[in-house]
Participant: 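Below you will find the structure I want to go over with you.
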Amino acid sequence: MESTNIKQAPVSQDDEISLKEVILKLIEWYRYLLSKSIFILLAGIIGGALGLTYAYYKKPIYIAACTFVLEEGGPSGGMAGQYAGIASMVGIDLNGSGGGIFQGDNIIELYKSRTMIEKTLLSEVEIDEKKVLLIDRYLEINKLRKAWSGKAEVANIRFALQPGESFSRTQDSIISAIVSDIRTNYLNVAKPNKKLSIIQVEVKAKDEIFAKYFNDAIVKNVNDFYVQTKTKRSLENVTILQQKADSVRSVVNGAIYTAVAVSDATPNLNPTRQVQRAVPMQRAQISAETNKTILSELVKNLEMSRMGLLRETPLIQVIDQPILPLAKEQFSKNKAIIFGGLIGGFLTMLALLIRKIIKDAMT
C-alpha cells in the first residue's frame, strides 16, 4: 500500500505580524499619551470647569404634578325601566347614558387635544396682582416677543379677543405651534399604575408660575368638560321632564281654578238650568284628574331621571395638587464636573492620537 504524502501548507505569519504590530502600536500610543498626561489632565480640569459653569447657569425645570382618581359613573337602571314607557310618551329616554365617549384611557388623550390646550392657554390668571393670559406668559418666558421684534406682523400680536372676534390666520398658526410644543415638551399625562384609576398630570417648565397655573387650568378645563359630556344626555332628560312637569302642573291648576270660577259665576242658579254649572265643572274636574295622574307619573320619572343623573356623574377626586414651591429638576454640579472632565480628557486624547497618526503617516 502506497503511502500518501500530505504536504502541509506553509504557515502564514501575516496574522502573527499583524497582532504584533497592533500590540506595539498600542504600547506606542499609550507611552505617547502618558508623555502628554499633564496636557490631558489640564484639558480635564478645563472640561470640569466648563461643566460646572453649565450647571450653574442652566435654569432648573419646575414640575407641577396633579394626581386624581377617576371613578366612572354607572348607567341609570333599576326601577327606571318601569317608567321608560311613560317617559317615551313625552320624548324622554331614561335609559340614555353619556358613556362611550370617554371609555378607558380616552381622558388621557383629551388632555393632549388641541381644544383643551388652546382653551387653557387662553385662560386668564392673576400673576403679581395682574390678570394675564397663560399664552402671554408662555411668550414672555420663551422670549418670543423679543425674537419677533423685527417682524411687524407678529411683533404686537395679541390673543385677548373681544366679543364677536375670531382669530386671524397668523394667530391660529402661532397657537398651533405653541400647542405642539406644549404637547411635546411641557405636558405629560399618564397612569402611574395601569391597574388603578389614578391619573397623573405633569407640567414641566422653566417658569415655576407658568407650570403651576397651567396645570391647575388644564385639569379644571378637562375634568369639567369630561363631566359635562358624560352627563349631557341625562341632564337634557331632566330638563325636558322638568319643563313637562311644570306645564302639566299649570294645566292642573288652571282646571281647578276653572271649576271654582264656574261655581262662583252661578251663585243662585235656577235648578232647572243645572247645565250652566254641572257641565263646565265636570269638564274642569275631569281635566284636573287626568292631568293630576300625568303629573304624578312625570314627577316619578323626574325623580328617577335625577337619580340616574347622579349615578352617571363620574367622581373626580383630586389627591395631590401642585403647591408652591414646586419640585424642580436641576443638573447636579458634581455630575457636571465629572462629566465635563471626562469629556474634556477623552476629546483631548482623541485629538492627540489623530494628530500623531497623521504625523506618522506624513513622515
Side-chain angles (χ1 to χ4, degrees), residues 4-64 138-151 154-155 173-174 176-188 190 202-208 210-211 326-363:
T4 304
N5 294 327
I6 300 175
K7 297 182 178 179
Q8 295 183 351
V11 178
S12 175
Q13 297 181 356
D14 291 343
D15 295 336
E16 183 180 353
I17 296 173
S18 298
L19 181 59
K20 182 178 180 180
E21 288 181 350
V22 170
I23 295 175
L24 291 175
K25 185 61 67 174
L26 289 176
I27 295 174
E28 180 184 355
W29 288 352
Y30 172 75
R31 290 175 178 174
Y32 174 74
L33 292 176
L34 196 60
S35 65
K36 302 291 185 180
S37 56
I38 297 177
F39 187 72
I40 296 172
L41 180 61
L42 182 61
I45 294 174
I46 295 175
L50 292 176
L52 178 62
T53 304
Y54 172 80
Y56 182 80
Y57 285 101
K58 180 177 172 57
K59 293 184 177 180
I61 302 297
Y62 294 94
I63 304 173
Y138 174 90
L139 297 177
E140 179 183 348
I141 63 178
N142 289 281
K143 301 179 180 180
L144 293 179
R145 292 197 182 278
K146 184 181 294 185
W148 295 341
S149 59
K151 301 177 182 179
V154 294
S173 63
I174 292 174
S176 297
I178 295 175
V179 167
S180 178
D181 183 41
I182 286 179
R183 187 185 294 137
T184 304
N185 301 316
Y186 287 74
L187 183 62
N188 181 35
E202 279 188 353
V203 177
K204 296 182 179 181
K206 297 179 181 178
D207 183 70
E208 185 179 28
F210 177 83
L326 299 179
K328 59 183 179 180
E329 291 180 351
Q330 194 168 15
F331 197 64
S332 172
K333 294 180 180 179
N334 293 332
K335 290 183 179 179
I337 294 173
I338 294 172
F339 286 139
L342 291 176
I343 292 174
F346 175 77
L347 292 178
T348 303
M349 288 189 295
L350 184 62
L352 289 173
L353 288 176
I354 293 175
R355 177 175 176 272
K356 178 173 176 54
I357 291 171
I358 295 175
K359 184 178 180 181
D360 291 344
M362 296 297 295
T363 56

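Computation of the quantities below employed the complete heavy-atom set of this structure, encompassing side-chain atoms and omitting hydrogens, waters and symmetry-equivalent molecules.
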Participant: Between the main-chain N or O of L34 and the side-chain N or O of S37, is there a donor-acceptor pair closer than 3.5 Å?
Facilitator: yes
Participant: Under the rule for side chain to side chain contact (heavy atoms under 4.5 Å, CB included), what residues qualify as partners of I354, not counting sequence neighbours?
Facilitator: L350, I358
Participant: Mind checking what makes salt bridge (Lys or Arg N to Asp or Glu O under 4.0 Å) contact with E28, not counting sequence neighbours?
Facilitator: K25, K356
Participant: Can you name the residues that form a side chain to side chain contact (heavy atoms under 4.5 Å, CB included) with L144, not counting sequence neighbours?
Facilitator: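 Result, side chain to side chain contact (heavy atoms under 4.5 Å, CB included) vs L144: Y138, L139, N142, W148.
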Participant: Determine all donor-acceptor pairs shorter than 3.5 Å in which one atom belongs to a side chain in residues 54-61; sequence neighbours excluded.
Facilitator:
none

Participant: Is there a donor-acceptor pair under 3.5 Å between the side chain of S35 and the backbone N or O of Y32?
Facilitator: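 It does hold such a pair.
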Participant: With sequence neighbours left out, write down each residue that passes salt bridge (Lys or Arg N to Asp or Glu O under 4.0 Å) with R145, or none if nothing qualifies.
Facilitator: D136
Participant: Please enumerate all residues that pass salt bridge (Lys or Arg N to Asp or Glu O under 4.0 Å) together with D207, with sequence neighbours excluded.
Facilitator: R137
Participant: Looking at CH2 of W29 and CG of L352, how far apart are the two atoms once the value is rounded to the nearest 0.5 Å?
Facilitator: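 That separation rounds to 12.5 Å.
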Participant: Please find the pair of heavy atoms, one from A43 and one from T348, that lie closest to each other, and give the distance.
Facilitator: CB-OG1, 2.9 Å
Participant: If the condition is side-chain hydrogen bond (donor to acceptor under 3.5 Å, both in side chains), which residues does S173 pass it with, not counting sequence neighbours?
Facilitator: none
Participant: Check side chain to side chain contact (heavy atoms under 4.5 Å, CB included) between L41 and all other residues, then give those that pass, not counting sequence neighbours.
Facilitator: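 For L41, the residues satisfying side chain to side chain contact (heavy atoms under 4.5 Å, CB included) (neighbours in sequence not counted) are I45.
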Participant: A quick test of your reading: do over 12 heavy atoms of other residues, nucleotides or ligands sit less than 6.0 Å from CG of L26?
Facilitator: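 Yes, CG of L26 has more than 12 neighbouring heavy atoms, counting only those of other groups under 6.0 Å.
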Participant: Tell me, please, which residues at least two apart from K204 pass salt bridge (Lys or Arg N to Asp or Glu O under 4.0 Å).
Facilitator: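 K204 satisfies salt bridge (Lys or Arg N to Asp or Glu O under 4.0 Å) with E329 once adjacent residues are dropped.
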Participant: With sequence neighbours left out, what residues match L347 under side chain to side chain contact (heavy atoms under 4.5 Å, CB included)?
Facilitator: I343
Participant: Where is the tightest heavy-atom contact between A64 and A211, given as atom of each residue plus distance?
Facilitator: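 Taking every non-hydrogen atom into account, CB-O, 3.3 Å.
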Participant: Please report the closest heavy-atom contact between E208 and L326, naming both atoms and the distance.
Facilitator: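 Shortest heavy-atom contact: OE2-N, 2.8 Å.
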Participant: Quick one: are F210 and Y186 in side-chain contact, heavy atoms under 4.5 Å?
Facilitator: yes
Participant: Is there a side-chain contact between K206 and I141, using heavy atoms and a 4.5 Å cut-off?
Facilitator: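 The answer is no, as the side chains (C-beta and beyond) never meet within the 4.5 Å cut-off.
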Participant: Between CD1 of I174 and CD1 of I178, what distance do you get to the nearest 0.5 Å?
Facilitator: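 Taking CD1 in I174 and CD1 in I178, the distance rounds to 7.0 Å.
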